[in-house]
Amino acid sequence: MSITVVFFLGLFVALIGVIPPGLLNMTAARISLKEGPGRGITFSSGVCLVVFIQTYVAAIFARYLSNRPDIVEILQRVAFVIFVLITIYFLIIARNQKETKVETDVRSKKSRFFHGMFLSALNVFPIPYQAYMTITMASFGWMDFERTSIITYVTGAAMGTFVMLYFYIFFFDKIKDKKFTSQKNMNYSIGAITGLVALITFINILKEL
């Protein structure tokens with residue numbers, strides 16, 4: 001598989017994972033609104049550095065699991081149940097939760113970089129998410145676990161995260177009052193994404209029966 005394709009696969013998978021408004025992208029947007037785009041970009045750079053490391057760890061973990069098909073089968077079934085539960089949560093339960101506002105304080109550019117690293121490190125979801133996605137793509141023959149392929153994919157994932165954070169930084173002020181940014185629709189968006197991942201997982205399970 002071409003490294004260009006692998007790069008864009010990593011970019012697309014990460015992009016999908018960061019589209020729903022969450023702590024990282026909403027914090028980047030609010031920092032930009034209060035302190036300027038430069039601070040938002042600095043924060044996002046810290047986020048993406050940690051995402052790079054997390055995705056690399058996930059890919060190495062996936063490479064190990066790819067040699068243990070028995071474990072992969074178990075994890076697929078566990079992942080399917082987890083994604084279904086998450087989907088149900090966001091589509092039915094979380095849609096009624098109240099809006100929460102994240103207040104940001106003024107910090108230096110250097111501290112904003114480490115602030116981004118800190119918040120990104122608290123968000124461990126990319127590790128199991130990327131591990132599962134890389135195993136899935138490898139099963140379809142879209143990528144392999146050679147060093148070059150892994151580094152290319154990880155770089156694409158970090159870039160995909162940055163692209164979406166960049167979008168929030170420069171366009172959030174224009175879309176913040178739009179209907180699709182409401183908490184209810186944000187929850188629907190997350191539920192739709194996890195539902196899609198659950199569907200892909202279910203198809204893979206059926207293929208192996």
Side-chain angles (χ1 to χ4, degrees), residues 1-26 28-29 40-41 44-63 65-66 72 75-76 79-80 82-84 86-87 90 116 120 123-172 175 180-181 185-205 207:
M1 183 65 67
S2 166
I3 59 172
T4 303
V5 174
V6 173
F7 174 84
F8 280 103
L9 282 173
L11 188 147
F12 178 74
V13 169
L15 203 66
I16 292 297
V18 192
I19 284 178
L23 177 63
L24 297 178
N25 43 32
M26 297 299 282
I41 291 175
S44 300
S45 298
V47 170
C48 293
L49 176 60
V50 174
V51 168
F52 183 94
I53 296 171
Q54 288 175 327
T55 308
Y56 183 79
V57 170
I60 296 300
F61 183 58
R63 181 171 64 182
L65 291 179
S66 66
V72 172
L75 288 178
Q76 280 185 332
F80 173 70
I82 291 174
F83 282 121
V84 168
I86 293 174
T87 300
F90 279 103
S120 186
N123 177 32
V124 297
F125 178 72
I127 296 178
Y129 171 69
Q130 289 288 2
Y132 174 73
M133 294 306 293
T134 50
I135 288 176
T136 300
M137 287 184 288
S139 68
F140 285 123
W142 295 347
M143 68 173 289
D144 55 47
F145 291 110
E146 296 297 324
R147 183 177 180 82
T148 301
S149 183
I150 290 177
I151 294 297
T152 302
Y153 179 85
V154 169
T155 303
M159 184 60 66
T161 302
F162 185 81
V163 167
M164 186 49 61
L165 292 177
Y166 188 89
F167 174 85
Y168 271 88
I169 287 171
F170 285 96
F171 294 99
F172 182 76
I175 66 173
F180 63 83
T181 60
N185 286 308
M186 283 159 38
N187 290 328
Y188 276 131
S189 298
I190 298 173
I193 291 171
T194 55
L196 178 61
V197 176
L199 178 62
I200 294 173
T201 305
F202 183 65
I203 292 173
N204 282 336
I205 292 174
K207 286 173 59 180

### Query
Can you name the side-chain contact (heavy atoms from CB on, under 4.5 Å) partners of F8, sequence neighbours left out?
T4
### Interatomic spacing from CD1 in I16 to CG in L11 - rounded to 0.5 Å
10.0 Å
#### Entry: Value rounded to 0.5 Å, distance of CZ in F52 from CE in M159
11.0 Å
### Task
Could you grab the distance from atom CG of D144 to atom CE of M137, nearest 0.5 Å is fine?
11.5 Å
### Query
Do you know the tightest heavy-atom contact between T134 and A58?
OG1-O, 4.4 Å
### Message
Please check if the number of heavy atoms outside F145 that lie under 6.0 Å from its CZ is greater than 12.
### Response
yes
### Task
Taking the side chain as every heavy atom from C-beta outward, state whether F162 and I169 have any atom pair closer than 4.5 Å.
no
### Query
Could you state the interatomic distance from CD (Q54) to CG (L49), rounded to the nearest 0.5 Å?
10.0 Å
### Message
If I compare all heavy atoms of A131 with all of A62, which pair ends up nearest, and what's the gap?
### Response
O-CB, 3.6 Å
#### Entry: Euclidean distance, I151 CD1 relative to E146 CD, rounded to 0.5 Å
12.5 Å
### Message
So which atom in V47 and which in T161 form the shortest heavy-atom distance, rounded to 0.1 Å?
### Response
CG1-CG2, 4.2 Å
### Task
Report yes if some heavy atom in the side chain of I150 is under 4.5 Å from a heavy atom in the side chain of I60; otherwise report no.
yes
### Task
Run the numbers on L24 and V18 for side chain to side chain contact (heavy atoms under 4.5 Å, CB included), then give the verdict.
CA-CA 8 Å; L24 297 178; V18 192; 5.8 Å; no
### Summary
Closest non-hydrogen atoms of A157 and A14, given as atom of the first, atom of the second and distance, are O-CB, 3.1 Å
## Note on the structure
What one should report as the nearest heavy-atom pair of Y166 and I41 is CE1-CD1, 4.1 Å
### Task
Return the minimal non-hydrogen interatomic distance between S149 and V6, and the atom names on each side.
O-CG1, 3.5 Å
Side-chain donor-acceptor distances from residues 123-130 under 3.5 Å, at least two apart:
unit_1: Y129; atom_1: OH; unit_2: V13; atom_2: O; d: 2.9
unit_1: Q130; atom_1: OE1; unit_2: Y153; atom_2: OH; d: 2.5

### Query
How about W142 and V5: do any of their side-chain heavy atoms sit closer than 4.5 Å?
no
